Amino acid sequence: QVQLKQSGGGLMQAGGSVRLSCVASGFTFRRYAMGWLRQAPGKEREFVAGISWDGTRSAYDDSVKGRFTISRDNAVNTIYLQMNSLKPEDAAVYYCAARNHPDYSLQARLYDNWGQGTRVTVSS
């Protein structure tokens, strides 16, 4: 079955860095666009970053642009989110998501499969 297994995250200091990983299995990874989304307490799940099936196109929410980088390695069915210059407002549960489409979407509802989520806490 489809699985997205996430790792990384934890308690970070403001200004620090962390890398999230998401290993996919059970589907043809290279045909799927992928995304990272996050949900803070009391808020809706929001788009953070997305990447096309071949890694040639990507997009970021304005709040993370220039600080976060999404990437993928189709040889090992994995996507990454490198998070630099962390801010307290980046604290959330982060989810990787797969979309059965060549291109990512900014809308959470258009992703088909989800990872288990990983919490990122940022102390000021």
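Please read all numbers here as calculations on a predicted model, not as lab measurements.
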Worksheet entry | Donor-acceptor contact below 3.5 Å, side chain Q1 vs main chain G26 | no
Fill in: I79 versus F29, closest heavy-atom pair with distance
CG2-CZ, 3.6 Å
Fill in: Pairwise side-chain contact, Y94 with L37, heavy-atom cut-off 4.5 Å (strictly under)
no
Worksheet item: What do you reckon, is CZ of R30 surrounded by more than 12 foreign heavy atoms closer than 6.0 Å?
Response: no
Worksheet item: With a 4.5 Å heavy-atom cut-off, do W36 and Q6 have their side chains touching?
Response: yes
Practice prompt. Work out which heavy atom in W53 is nearest to a heavy atom in N74; give both atom names and the distance.
Written response: O-ND2, 3.1 Å
Worksheet item: Is D103 close to R57 at the side-chain level, that is, under 4.5 Å between some pair of heavy atoms?
Response: yes
Discussion item. When you compare the side chain of L81 with that of T69, does any pair of heavy atoms fall below 4.5 Å?
Written reply: no
Item to complete: Give a yes-or-no answer on whether the side chains of N84 and S17 include a donor-acceptor pair shorter than 3.5 Å.
Response: yes
Worksheet item: Considering residues, nucleotides and ligands other than K65, do more than 12 of their heavy atoms fall under 6.0 Å from its NZ?
Response: yes
Practice prompt. Give a yes or no on whether the ring-centroid distance for Y32 and F27 is below 6.0 angstrom.
Written response: yes
Worksheet item: Is there side-chain contact between M83 and F68, with at least one heavy-atom pair below 4.5 Å?
Response: yes
Discussion item. Taking the side chain as everything from C-beta on, heavy atoms only, tell me whether V120 gets closer than 4.5 Å to L11.
Written reply: no
Fill in: N-O pairing of R38 and D90 below 4.0 Å
yes
Item to complete: Would you please classify the geometry between the Y95 ring and the W114 ring as parallel, tilted or perpendicular, with 30° and 60° separating the classes?
Response: perpendicular
Worksheet entry | Heavy-atom closest pair, residues G9 and T118 | CA-OG1, 4.1 Å
Response to the item:
Scanning both residues in full, the closest heavy-atom pair of Q13 with V122 reads C-CG1, 4.0 Å
Worksheet entry | For Y111, ring-ring contact (aromatic ring centres under 6.0 Å, His included) partners two or more places apart | none
Worksheet item: With sequence neighbours left out, what residues match F47 under ring-ring contact (aromatic ring centres under 6.0 Å, His included)?
Response: none
